[in-house]
Structures are given as structure tokens and as C-alpha cells.
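Data first, discussion second: the structure below is written as C-alpha cells.
Chain letters run A, B, ... following the sequence lines, proteins first and then strands; every chain starts at 1. Predicted, not measured: the structure shown is a model, and the values here were computed from it. Atom set for the values below is all heavy atoms of this structure, side chains included, hydrogens, waters and symmetry mates excluded.
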Amino acid sequence: MGITKMPPAYDPQKVEGKWYRWWEEHKYFHAEVEPDKEPFCIVMPPPNVTGELHMGHALDNTLQDVLTRWRRMSGYNALWLPGTDHAGIATQAKVEAQLAREGLSKYDLGREAFLKRVWTWKETYGNRITSQLRRLGASCDWDRERFTMDEGCSEAVREVFIRLYEQGLIYRDDYIVNWCPHCATTISDIEVEHLDVQAQLYFIKYPTPDGRDFVTVATTRPETMLGDTAVAVHPKDKRYRHLVGKEVVLPLMNRVIPVIADDYVDPVFGTGAVKITPAHDPNDFEIGRRHKLPEIRVIGTNGVMTTEAGPYAGMDRWECRQKVLADLGEQGLLARIEDLQHAVGHCYRCNTVVEPMISKQWFVRMKPLAEPAIRAVKEGRTRFVPERFTKVYLNWLENIRDWCISRQLWWGHRIPVWYCRECGKASASKDDLAACPNCGADKVVQDPDVLDTWFSSGLWPFSTLGWPKETPELKHFYPTSVLVTGRDIIFFWVARMIFSGLKFMGEVPFREVFIHGLVLDALGRKMSKSLGNGVDPLEVIEKYGADSLRFMLVTGNTPGNDLRFHFEKLEGARNFANKLWNASRFVIMNLEGYDPRFQPQRLDLSDRWIVSRFQQVAGAVDAFLRDYELGEAAGVLYEFIWDEFCDWYIELVKPRLYRGTPEERATAQHVLVNVLKGTLELLHPFMPFITEEIWQNLPHEGETIMLAPWPKARVEQVDRGAEEDMRLIISVIRAIRSLRAEMNVPPARRAEIILVVPEDGKRETMGHWRSYISDLASGDVEITRDLAAEPSQAAQAVVGGITIYVPLEGLIDIPQEIARLERELANVQKEVVRLEGKLDNEGFVAKAPADVVEKERQKLEDYRIKQETVAQRLAILKKSPAM
RNA sequence: GGGCGAUUAGCUCAGAGGGAGAGCACUUGCCUUACAAGCAAGGGGUCAGUGGUUCGAUCCCACUAUCGCCCACCA
């Protein structure tokens with residue numbers, strides 16, 4: 001190692017790839033079960049195999065990596081288990097698009113060949129995201145990487161399905177579901193995104209059979225009227241009481257339908273009369289079932305009107321809407337049209353307007369599963385961080401509806417149910433069936449649908465650890481320690497993992513859920529493909545390095561809050577890395593003659609100070625990490641490295657390195673190396689690459705910083721006295737620098753510095769460490785108890801009971817100095833008045849804690865001394881001949 | 001309609017019941033043998049508003065305003 005290998009500007013490109021490969025080759029990420037060690041386990045939220053790393057992933061995985069690396073260094077048996085999700089719709093859509101470019105559809109290939117094709121696609125492109133995670137520095141155990149459709153996970157899915165089925169918790173029924181005409185599949189309630197849309201509310205007249213009366217209904221979806229089987233009004237609505245039990249004629253279809261009364265109807269909305277289309281509206285469906293109304297499907301799965309729509313059959317649903325309106329208008333039945341803003345369900349994948357329709361689907365009965373999941377969180381067996389997300393979770397589960405789990409796709413876990421063509425019985429089976437278990441006929445056919453992707457991801461925390469087999473991993477690492485994820489996924493995933501874990505493992509899947517916010521663009525908008533405002537993490541990594549990206553994502557943010565992406569902030573992180581690099585370069589450049597066995601006999605004040613500060617920082621970082629305050633932990637390190645280690649300690653140590661005795665030099669080297677090394681270790685979870693690079697170039701024990709023991713705060717090295725003394729010295733130096741700057745003293749010019757220190761202890765300290773002041777404030781320091789005569793040509797400052805004079809013959813503009821001191825005096829007086837007021841307040845003195853009162857008294861005392869000193873000085877200056 | 005979050009320096013954001021902070025931007029002076037991706041010194045804020053609790057509130061409580069997010073079966 002040497003300067004030649006450490007250029008003055010840190011270049012992450014030369015460093016990052018090298019170390020990652022080395023770590024992975026040496027299996028430092030790999031965790032074997034070590035029963036005598038405390039386990040720490042995170043299962044990675046599996047990104048979609050189709051996915052590419054975006055800022056959300058970068059944040060999520062940085063947080064996980066920080067926690068994992070920290071725990072690993074802290075001696076835990078740390079496992080971070082990675083994997084990918086098969087992402088039913090998304091992946092199938094990708095492959096279908098690929099086929100389309102070849103002029104083919106999945107039907108041309110047939111199910112089997114199509115699935116083969118998807119697997120090929122997965123083998124080819126599926127590891128893109130995992131290689132991108134490697135670029136980020138993710139220290140996950142790739143030897144244990146899983147896929148939601150691999151053999152083990154698939155077995156877990158079947159096992160779960162069968163068990164739930166046998167317990168009657170999975171059922172198949174005709175029910176109103178959300179249908180995406182574009183994806184041609186059902187989607188679950190949470191996959192429907194409600195967007196506010198400016199629309200029209202159409203008022204349509206439904207005449208009575210005798211043509212003498214009519215009732216007007218309001219609807220935003222006039223085409224659904226073709227499937228109407230009733231009109232509903234509120235039971236107490238006097239306007240319509242006479243019609244309840246009677247009939248009206250459904251226009252266009254000329255069908256006679258009943259007028260019914262139901263509490264659901266809001267008498268003040270629209271006309272107070274609602275058309276009821278049980279087959280195409282969730283509410284109408286409920287009402288329909290209550291009143292045993294016929295369910296007529298007029299819209300087909302492709303969004304085209306069915307034969308039930310009579311003359312409108314074959315029309316697209318939007319086209320049909322226009323035609324219906326036109327026809328109604330012609331017949332004078334369209335009473336009026338109003339503008340209405342309301343929420344319309346859209347498919348979260350393709351943004352198509354979702355069509356509610358009745359369909360035979362598979363459902364999970366949620367109430368019995370939700371209940372234990374609610375209890376577990378209420379009892380604190382799983383804790384949300386930040387706590388406020390508990391409520392979001394509970395609200396959802398407390399109002400849960402059954403979960404539609406069947407999807408009309410090919411890519412996914414096929415529903416393990418076979419129907420017998422002979423006897424008609426449906427049989428669920430863990431193993432593929434060739435014959436009907438009921439009648440023995442060999443004419444069985446498997447349900448064509450697959451399961452919702454989230455069905456398998458809900459099992460992730462235990463399926464990846466080997467379940468349903470009782471593996472040592474499962475036993476050791478379950479329940480996992482913490483789940484790290486975005487808040488957008490609490491319903492989709494977190495809740496489902498919790499109820500699945502409770503159901504099948506009898507225990508929550510994780511002790512804590514650490515929820516983070518979204519990464520927004522610089523303007524505070526969500527990053528999205530359609531807006532084109534996303535920032536590509538890989539480009540950032542190439543330009544600034546993964547460490548900078550990670551540091552930027554972690555700092556200046558508080559748990560659960562969103563984070564805006566600013567390049568300025570990224571530059572700040574990059575500059576910090578460079579600062580650390582150069583501080584380390586300084587240390588390494590000055591290691592000549594370093595002997596690791598050397599034990600210093602006498603530490604300088606600055607040594608004791610920086611060591612003490614380091615111990616405090618080590619304690620703070622660890623405490624913040626325990627509280628998931630990663631931003632604070634990183635912030636503490638930033639300040640320590642930049643403000644204390646670089647700006648003060650390195651500057652203070654230079655004279656000893658350059659001109660000190662061999663012993664002084666060795667002592668300085670010893671402290672530099674050890675504090676720097678410890679700091680690198682504390683920083684390693686945040687910035688793994690640069691810390692490894694530097695650590696390897698410092699004298700060290702062990703193979704890698706990754707496995708270096710986490711620095712434990714050693715309280716016996718905390719030295720309050722040294723910290724206090726340094727604080728005083730630093731403020732004296734700052735005061736002198738400030739005077740020099742204000743008086744425009746050229747930096748190169750050495751100044752004369754007189755310190756008047758009345759207090760014995762402080763005078764001794766100042767005397768002992770006067771070289772600090774003379775070196776860092778560039779001046780010749782004289783220390784006295786009191787001054788025979790104040791120099792008139794001098795600038796003055798008062799700090800911590802010490803009066804500083806910087807005689808500046810010819811540089812002092814007396815009137816200007818008077819003005820400056822008067823400003824100073826005014827400030828001091830303000831403080832004195834404020835503190836006097838406070839201490840005169842009997843309530844304060846009586847009720848405030850004694851130490852607070854004492855602190856305030858001390859402050860007042862200091863300010864009074866300062867007030868007096870400055871006032872005296874002013875008096876002298878005002879009498880001086882220069883005036 | 002409910003719930004949650006935010007409101008602090010020009011910008012982006014931390015923060016704690018007891019003297020308002022950081023980064024960036026800005027001003028001034030420095031290429032000082034680790035770093036100009038830097039050093040030193042500065043300027044800049046009624047901590048959204050109103051009321052309450054308290055000896056003391058920017059922090060805790062209530063309400064209000066503005067912005068954002070989530071949930072919700074009023075067509």
C-alpha cells in the first residue's frame with residue numbers, strides 16, 4: 001500500500017466490483033445454521049423476476065443490508081435470504097409481448113409450450129434484478145436464493161391450498177369479482193386502484209307498465225342497465241312508497257322489473273332510486289342476493305356485450321354506452337345529464353377500467369384467518385416501526401372481505417383441483433390426479449386457473465426456509481427478525497404473511513416490521529414509468545458509486561417518511577466518501593515506522609478527546625440502529641468523521657507526526673489507526689465498499705471488515721474532562737480565527753495572542769496545550785492570570801471565562817471595533833436579562849430540576865463576566881487617543 | 001366520508017419539554033505538504049395559525065388552514 005495506490009479522488013468504479021466478487025467468492029454472505037449463536041434473519045421482499053432495480057428497491061435493500069451487516073458484525077448468525085417472485089400477470093404479459101413480435105399468441109403455442117417459453121424467458125432474464133442487487137452491495141446469501149415457483153415453494157403452495165381447502169377455508173363460488181378486460185383475468189380487491197374521474201351521471205326514466213308514471217334512476221354506467229333486474233328505493237322514502245312492490249319497464253330491453261325497498265339506497269343521492277344490476281356491480285350484487293333477483297350478465301370477459309344484451313350484443317362496452325344513450329335520447333327517456341366526479345376502479349397493472357362481474361372463482365375465507373393476525377399484532381407479537389402503521393394494518397384486517405385467489409392466467413401455481421367428467425366431483429390433491437378419487441374414472445381435468453401471485457409470496461418467510469419440511473433452517477431462523485418493506489405493500493403482502501405464518505407455523509413470521517416510505521422525485525412526485533421521472537439506480541451507481549447512493553438514501557430521513565431524490569444530496573454523499581478517503585489517505589501516508597504492538601504510555605489531550613468521542617459515537621450508532629433510526633446513526637458518523645476527526649483531530653495531530661519525537665509520533669499513529677479503523681467498522685454497514693477498501697489498507701486483523709467485530713462502546717474510555725477541555729480549546733481557537741477574519745488579518749500572518757485566564761485549572765490546561773492554539777490559530781500564545789495594561793490596538797473576545805486579546809498594530813479600526821463590541825454587548829445583555837428573568841421566576845427555581853436551574857445559573861454567571869469584560873473594554877477604547 | 005403524514009433558514013430536510021440545527025445555495029478570505037468533491041470565517045428562521053396544559057412549549061393536547069398519501073360498495 002502507498003500513496004501511489006491511493007489517488008486523491010476516490011473512484012468507486014475501481015473498488016466496488018472487486019470487493020463484491022471477493023466477498024461472494026469467500027462466502028461471507030453465506031449463513032450456515034449455528035445453533036449456539038443467536039439468529040438474525042431477514043427474508044428479502046422478492047422483486048419480480050421481470051423487474052429492474054428501481055429506487056424503491058435500492059432503498060428497501062439498502063436498509064436490509066445495513067441491518068444485516070450490522071447484526072453480522074455484532075456476532076449474530078445473520079441470514080439475509082434473497083429471492084424473486086414469479087409475478088403472474090407481469091411475466092406472462094412480457095412473454096406474450098415477445099410472442100406478439102413473432103406474430104404469435106399464447107394460444108398458438110398452447111399451454112404447455114407457452115409455459116416452457118416463460119421458463120426459458122425466466123432463465124434468460126430473471127437474474128437481471130439479482131445481479132443489480134449485487135451492484136448495490138447487498139450481502140444476501142445467494143446460496144439460498146429462492147423463487148416463488150421453484151420446487152420447494154410450489155410444494156408449500158400446494159400444501160397450504162390443500163389444508164385450507166380441507167378445512168373449508170377455500171371455496172369456489174359464483175361471486176362478483178373485479179375483472180380486468182385487458183388482462184383477461186380477475187383481480188383481487190386490493191389490486192383495484194380507485195382513481196377520481198370526471199364523469200357524467202345519467203338520469204334515465206323507467207316507465208310503469210301502464211305508461212302513466214315513471215321512476216328516474218341515475219347511473220354512471222348506462223350500458224349496465226341492460227342487465228337490470230330491479231329498481232331499488234329507500235324503505236322510508238315517501239316519494240316512492242307507492243311504487244314499492246309494483247313494477248316498471250326496463251327501457252330498451254322491455255323487461256318488466258320490480259321496484260324493491262332496501263336500506264342501502266341513499267335517498268339524497270341522485271333521485272333516490274337506484275337501478276339494480278346484480279351481475280355487474282358489487283352493491284347491486286349484494287342487494288340482488290338479498291332480494292333473490294336474477295343475475296343477468298350483459299358484459300363479457302373481453303369487455304364485449306353478451307347475447308343477453310339483446311340488440312347490443314357484440315358491441316364493445318364503451319360503444320354500447322354511446323348507443324344506449326342515443327337510443328334512450330331518441331325515446332325521450334334520458335331525463336338529464338350531470339357532471340360527476342367519482343372514483344372508478346382501474347387495474348393496478350394495466351390501468352384499464354375494471355368491470356365488476358359475476359364469475360365462478362376460488363376464494364379464501366378471510367375472517368377466521370384475519371382474527372389471529374389481528375390478535376398477534378395487538379398483543380405485540382409483531383411490532384410495526386413506526387408504530388402508526390399498526391392502525392393501517394388493523395383497519396384493513398378488521399374490515400376484510402374474502403380473497404379471490406384464482407387468476408385466469410397460465411403462468412403461476414395451478415390450482416390443484418381436478419374435476420371428474422364422469423361424476424362431476426371436484427377433488428383437491430397434493431399430487432397430480434390421473435383418476436377421480438370418487439368414482440375412479442380416468443376422465444379428470446385440472447382447474448385451468450392459477451393462484452394469485454400473492455398466495456405464494458404470503459408463504460415466503462417459511463417456504464424459503466424449507467416448509468413444509470421441518471428443516472434446521474426453519475427451526476433456527478423462524479420467526480424471522482424483521483421485515484423491511486414499503487408501506488404500499490402492507491395489505492398485499494405483510495398481512496398475508498402474518499396470517500399465513502400464524503396458520504401454518506403457529507407463530508408470527510417476523511418480530512418487527514420496519515416500514516419505509518417512497519422515493520419521490522425532486523418535485524415530490526412518485527417516480528413512475530409513465531411520468532418518466534424515475535432515476536435509474538444503476539446509472540447513479542456508475543457515476544457516484546453504490547456507497548454514495550446508499551448513504552444518500554439512508555441519511556436525512558426519518559422512518560416511514562417519503563424521501564425526495566436530489567442529486568445535490570447525492571453529491572453530498574459522494575463528497576463525504578471522498579472526505580473519508582482523503583482522511584484515510586492522510587493516515588496511511590503517515591504510517592511510516594508504525595508498529596502495531598506499540599502501546600502508548602501518554603496520550604495527548606486530543607488523543608483522549610477523540611478516543612472518548614469515538615466511544616460515544618459507537619454507543620450512539622448502535623443505539624440508533626436498534627431503534628431503526630438509520631438516518632440518525634449515519635448522521636452521527638458523518639459529523640464525527642468530518643467535523644471531529646478530520647477538521648480537528650487530524651489538524652491537531654499533524655505537528656506530532658511531522659515534528660514530534662518518535663514516541664509522540666508512534667502515539668499519534670496508534671490513535672489515528674485505531675480510531676479510523678473503528679470508525680470504518682461503524683460505517684461499514686452503510687458504505688460497505690469504501691470501508692473495506694480502506695480497512696484492507698490499514699494495519700488490521702482478520703480477513704474482511706465484514707466479519708470484524710462490531711465496535712462496542714467502551715465507557716471506561718469516555719473522558720468527560722478531556723471533552724470539556726477540548727471544547728474550551730476549540731471555542732478559543734474559533735474565537736481567535738473569527739477575530740482574525742473580521743480584522744482581515746492575512747492568513748499567513750502570525751498573530752500575537754494573549755489569553756487572560758483567571759481560573760487556575762483552566763490556566764493550567766491552556767498552558768499545557770497552548771501549542772494547539774498556536775498551531776490552529778497561527779499565533780504566539782501568551783497566557784496570564786491578569787493583564788497589567790490592556791493593549792489598545794487589539795481585538796477582544798470572551799469565551800468560557802477566558803478573555804482573548806489579539807493585538808493588531810495598525811489593523812484595528814477603533815470605531816469599527818467599538819461598534820462590534822457594542823453589538824456583542826447588546827447580545828450579551830439580552831441573554832443576561834433573559835436568564836435573570838428566568839431565575840427570578842419562583843416557579844422555575846422551585847419546580848424545575850435542580851441541574852437545570854444550576855445550568856442556568858452558571859450560564860448567567862458566564863454572561864455576567866462577559867458583559868463586564870466587554871463593557872470595560874469599550875470604556876477603554878472610547879477613552880483611547882485614537883478616538 | 002374516515003384515517004395518516006407534512007408544515008422549522010432561499011431549497012431539501014433532521015431535531016429535542018429548558019440557550020433554534022445540517023447539507024445545498026449565498027457572502028468574505030484562502031490552491032495551508034489528506035481532500036478545491038476542500039479549508040476558514042460569516043449572513044439568514046415569530047419553528048403554519050389560534051387556544052390550552054406547564055415554572056417554562058417550536059416540541060405535549062385541542063381546533064383551524066394549506067399540501068400530500070392511504071382506505072371506503074352512494075349509483
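- Nearest nucleotide to the side chain of A:E831, out of B:C13, B:C73, B:G19: B:G19.
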Donor-acceptor contacts under 3.5 Å from residues 563-570 of chain A side chains, at least two apart:
from: A:R564; atom 1: NH1; to: A:A522; atom 2: O; distance (Å): 3.4
from: A:K569; atom 1: NZ; to: A:M552; atom 2: O; distance (Å): 3.4
from: A:K569; atom 1: NZ; to: A:T555; atom 2: O; distance (Å): 2.8

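- Among B:A34, B:C39, B:A41, the nucleotide with an atom closest to any side-chain atom of A:C646 is B:A34.
- Here B:A75 is the nucleotide among B:C39, B:A41, B:A75 with the atom lying nearest to any side-chain atom of A:F269.
- Among B:C35, B:G3, B:A37, the nucleotide with an atom closest to any side-chain atom of A:R574 is B:A37.
- Between B:C24 and B:A37, the distance separating the two P atoms is 12 Å to the nearest Å.
- On the P atoms, B:C47 is 16 Å away from B:G18, given to the nearest whole Å.
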Atom pairs, N/O to N/O, protein against nucleotides 42-46 of chain B, distance under 3.5 Å?
from: B:G42; atom 1: OP1; to: A:S738; atom 2: OG; distance (Å): 2.6

Can you give one letter per nucleotide of nucleotides 21-26 of chain B, going 5' to 3': B for a protein heavy atom under 4.0 Å from the base, S for sugar-phosphate only, - for none? --SS--

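- B:C74 and B:U12: their P atoms are spaced 35 Å apart (whole Å).
- Taken residue by residue, residues 515-526 of chain A places heavy atoms nearer than 4.0 Å to RNA chain B at A:K526.
- No side-chain N or O of A:E387 forms a donor-acceptor pair with one of A:T390 less than 3.5 Å apart.
- Heavy-atom contacts from other residues, nucleotides or ligands closer than 6.0 Å to CD of A:E398 number more than 12.
- No donor-acceptor distance shorter than 3.5 angstrom exists from the side chain of A:N178 to the backbone of A:P356, with no hydrogens or angles considered.
- Contact check, A:R564 against B:C13: a side-chain N or O comes under 4.0 Å of OP1 or OP2.
- Heavy-atom distances to RNA chain B give each of A:F491 and A:Y658 a nearest nucleotide, and the one nearer the 5′ end belongs to A:Y658.
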Strand RNA chain B as a dot-bracket string - pairs counted if Watson-Crick or G-U with both distances under 3.5 Å, | where the partner lies in another strand: (((((((..((((....[..)))).(((((.......))))).....(((((..]....))))))))))))....

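- Nearest nucleotide to the side chain of A:K654, out of B:A34, B:A37, B:A41: B:A34.
- Among the heavy atoms of the strands lying under 4.0 Å from A:A218 is at least one base atom, whether or not backbone atoms are also near.
- With 3.5 Å as the limit, one finds no donor-acceptor pair spanning the side chains of A:D402 and A:Y175.
- Side-chain atoms of A:V265 lie closest to B:A75 of the nucleotides B:C35, B:C73, B:A75.
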At a cut-off of 3.5 Å, list every protein nitrogen or oxygen paired with a nitrogen or oxygen from nucleotides 14-18 of chain B, distance to 0.1 Å.
from: B:A14; atom 1: OP1; to: A:N561; atom 2: ND2; distance (Å): 3.4
from: B:A14; atom 1: O2'; to: A:E632; atom 2: OE2; distance (Å): 2.7
from: B:G15; atom 1: OP1; to: A:T558; atom 2: OG1; distance (Å): 3.0
from: B:G18; atom 1: O2'; to: A:E856; atom 2: OE2; distance (Å): 3.4

